[in-house]
Protein chains: 2
Amino acid sequence: MSSATRHEQRSAESQERLILAAQALILRQGYCATTVDQICNEAGLTKGSFFHHYANKDAIGHAAIDAWGAMGTRLYSAAWNDAAKDPLAQVDHMLDIMISFTKGDEPCACVIGMMSQELAQSHPELAVLCAKHLDDWTQHVARLLNEAKKIHKPVKPFDSQRVGWFLNSIWQGSMLLGKVRQKPQTIVDNLEQARAYLAALFTTTATSGITRATAAKKPRKKTVKP
Amino acid sequence: MSSATRHEQRSAESQERLILAAQALILRQGYCATTVDQICNEAGLTKGSFFHHYANKDAIGHAAIDAWGAMGTRLYSAAWNDAAKDPLAQVDHMLDIMISFTKGDEPCACVIGMMSQELAQSHPELAVLCAKHLDDWTQHVARLLNEAKKIHKPVKPFDSQRVGWFLNSIWQGSMLLGKVRQKPQTIVDNLEQARAYLAALFTTTATSGITRATAAKKPRKKTVKP
DNA sequence: ATTTACATACCAACCGGTACGTATGTCATC
DNA sequence: GATGACATACGTACCGGTTGGTATGTAAAT
């Protein structure tokens with residue numbers, strides 16, 4: 001664990017500072033609009049240091065994407081790794097985490113969604129990396145839904161992956177609209193509707209309210225503050 | 001109608017060429033990544049001409065957004081203006097139009113969604129313009145849902161605007177994911193799930209299939225090819 | 001109808017600033 | 001002393017925007 005030499009420590013710290021700076025700037029203004037000078041400035045380092053660690057601008061874009069993916073995995077781990085729970089409860093937990101994520105200081109946004117939008121057609125390499133991380137997320141949802149199918153009887157048969165992509169789209173689209181509208185509540189509203197949609201896949205009873213009022217009445221436990 | 005002088009005609013044509021060029025480039029690479037040189041090149045004009053018609057780069061961004069909004073209004077008009085129909089049928093028609101829009105040559109994407117993502121925090125002026133157009137779209141959906149409430153009894157009370165924003169998020173998020181994944185089918189899948197969600201707001205019967213198979217069996221009429 | 005006077009649309013060349021990337025040097029660490 | 005982490009200074013290309021000029025169209029005066 002502590003076998004890292006002083007050089008390695010320093011190097012890792014600087015790289016992390018650069019990545020965090022890049023992520024913050026990308027979230028604020030997008031990838032193309034952020035310059036490596038800005039990244040260096042925000043990280044408190046100089047360009048010499050930057051190009052010592054990263055061959056070019058795309059390299060830190062790559063690193064920023066991977067780091068964001070890892071952060072997400074950490075963020076959702078509480079929901080994804082609780083095999084003791086009912087899978088549907090895990091899905092609910094996941095939605096709670098997503099909702100609590102919107103409560104951050106800066107507007108709720110996703111580096112991967114941002115870069116996907118911007119670079120899908122101009123930077124194939126970064127685009128496929130984004131697609132990979134988005135696919136990982138979706139597969140986690142699909143797995144939970146498949147496990148839920150073993151316990152609860154679906155009202156109608158459905159494809160878990162398709163529903164996973166549906167939820168992912170809602171998530172990304174909500175962050176987009178919540179940002180331009182400057183109304184993070186939009187995200188919460190949409191996630192609650194998504195929760196109702198998911199619940200309705202397994203039960204026809206009216207226990208899963210469609211209106212937000214019913215869903216909000218029972219306070220869910222706060223989980224993470226990223 | 002034909003009271004336009006030769007100068008006015010030429011001017012309007014050039015402006016349209018510039019706007020179409022800008023939209024195409026923005027869809028492909030985003031706003032920041034597109035240069036006015038590229039726009040001029042694609043439009044077959046020079047920079048002198050460009051800055052004669054538009055004061056600066058943001059000006060054509062503004063024009064591109066408005067033109068895209070107008071295009072959308074034209075695109076959906078068949079669904080939005082058919083007061084004779086059941087409002088829910090109008091919603092279905094709207095979804096059909098959205099699906100047929102994904103079948104275009106170039107990847108299905110939205111100038112307004114793209115610029116919203118990129119400029120939400122860096123270009124407030126363009127951001128509020130995007131938000132305005134997105135709000136227009138949502139209000140059309142909300143209006144249809146409100147009219148539907150007068151005819152059909154909702155299973156549970158719901159807020160039409162909230163559902164409108166939900167559908168808008170699905171639409172934007174789907175285009176985003178469909179683009180990075182290079183799988184436009186993702187968009188169609190999501191829209192079919194949205195269709196099921198909307199139908200389930202008004203009826204508990206199983207007539208509105210959640211699975212895509214049932215929904216796809218009955219062929220819906222093709223509407224527009226943009 | 002021609003001429004005159006002017007406005008419009010457009011072009012080619014240029015300018016300041018900036019972005020990415022490099023070349024070289026320095027100092028702590030191994 | 002060699003290497004790794006970082007800083008300084010610079011080079012090159014390009015981007016948004018300007019400038020001066022031209023050619024065409026328009027409108028009024030003759």
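Below, chains carry the letters A, B, ... as their sequence lines are ordered, and counting in each starts from 1.
- In this structure, the nucleotide among C:dT22, D:dG17, C:dC30 sitting nearest to the side chain of B:Asn56 is D:dG17.
- The distance from atom CD of A:Gln29 to atom C1' of C:dT18 is 14 Å, rounded to the nearest whole Å.
- Between B:Ser14 and C:dC10 there is a side-chain polar atom (N or O) within less than 4.0 angstrom of OP1 or OP2.
- Contact annotation: B:His52 side-chain N/O to C:dC10 OP1/OP2 distance is not under 4.0 Å.
- Residue A:His7 contributes atom NE2, which lies 14 Å from atom P of C:dC27 at whole-angstrom precision.
- In this entry the distance linking CG of B:Leu45 with C1' of C:dT8 reads 14 Å, nearest Å.
- Nucleotide D:dG17 holds its C1' atom 16 Å from the NE2 atom of B:His53, rounded to whole Å.
- Ion pairing between B:Arg195 and B:Asp96 holds under the 4.0 Å rule for side-chain N and carboxylate O.
- The phosphate of C:dA9 (OP1 or OP2) has no side-chain N or O of B:Ser49 nearer than 4.0 angstrom.
- The distance from atom CD of B:Glu13 to atom C1' of C:dC10 is 14 Å, rounded to the nearest whole Å.
- Residue A:Thr35 has its side chain nearest to C:dA19 when only D:dC6, C:dA19, C:dA9 are considered.
- Nearer the 5' end of DNA chain D, as judged by each residue's closest nucleotide, is the contact made by B:Thr34, out of B:Thr34 and B:Arg6.
- At D:dA5, one or more side-chain N or O atoms of A:Ser11 fall inside 4.0 Å of OP1 or OP2 (strictly under the cut-off).
- The side chain of B:Lys57 has D:dG17 as its nearest neighbour among D:dG17, D:dG25, C:dC10.
- The pair B:Arg143-B:Glu147 meets the salt-bridge criterion, with a side-chain N (NZ, NE, NH1 or NH2) lying under 4.0 Å from an Asp/Glu carboxylate O.
- Between A:Phe50 atom CZ and D:dC6 atom P the separation is 13 Å, expressed in whole Å.
- To the nearest 0.5 Å, atoms CD (B:Gln29) and CG (A:Leu119) are separated by 11.0 Å.
- The separation between A:Asp58 atom CG and C:dA19 atom P is 16 Å, rounded to whole Å.
- Ranking C:dC10, C:dC20, D:dA7 by closeness to the A:Asp37 side chain, first place goes to C:dC20.
- With D:dT18, C:dC11, C:dA9 as the choices, the nucleotide that has an atom nearest any side-chain atom of B:Phe51 turns out to be D:dT18.
- In this structure, A:Lys57 forms no cation-pi arrangement with A:Phe50, as its terminal cationic atom is not both closer than 6.0 Å to the ring centre and no more than 45° off the ring axis.
- Computed from coordinates, the A:Gln15 CD to D:dC6 C1' distance equals 13 Å when rounded to whole Å.
- With C:dC11, D:dG16, D:dC6 as the choices, the nucleotide that has an atom nearest any side-chain atom of B:Thr46 turns out to be C:dC11.
- Taking a cutoff of 4.0 Å between a charged side-chain nitrogen and a carboxylate oxygen, B:Glu42 and B:Arg28 qualify as a salt bridge.
- The residue among B:Lys47 and B:Arg10 whose nearest nucleotide of DNA chain D is located toward the 5' end is B:Lys47.
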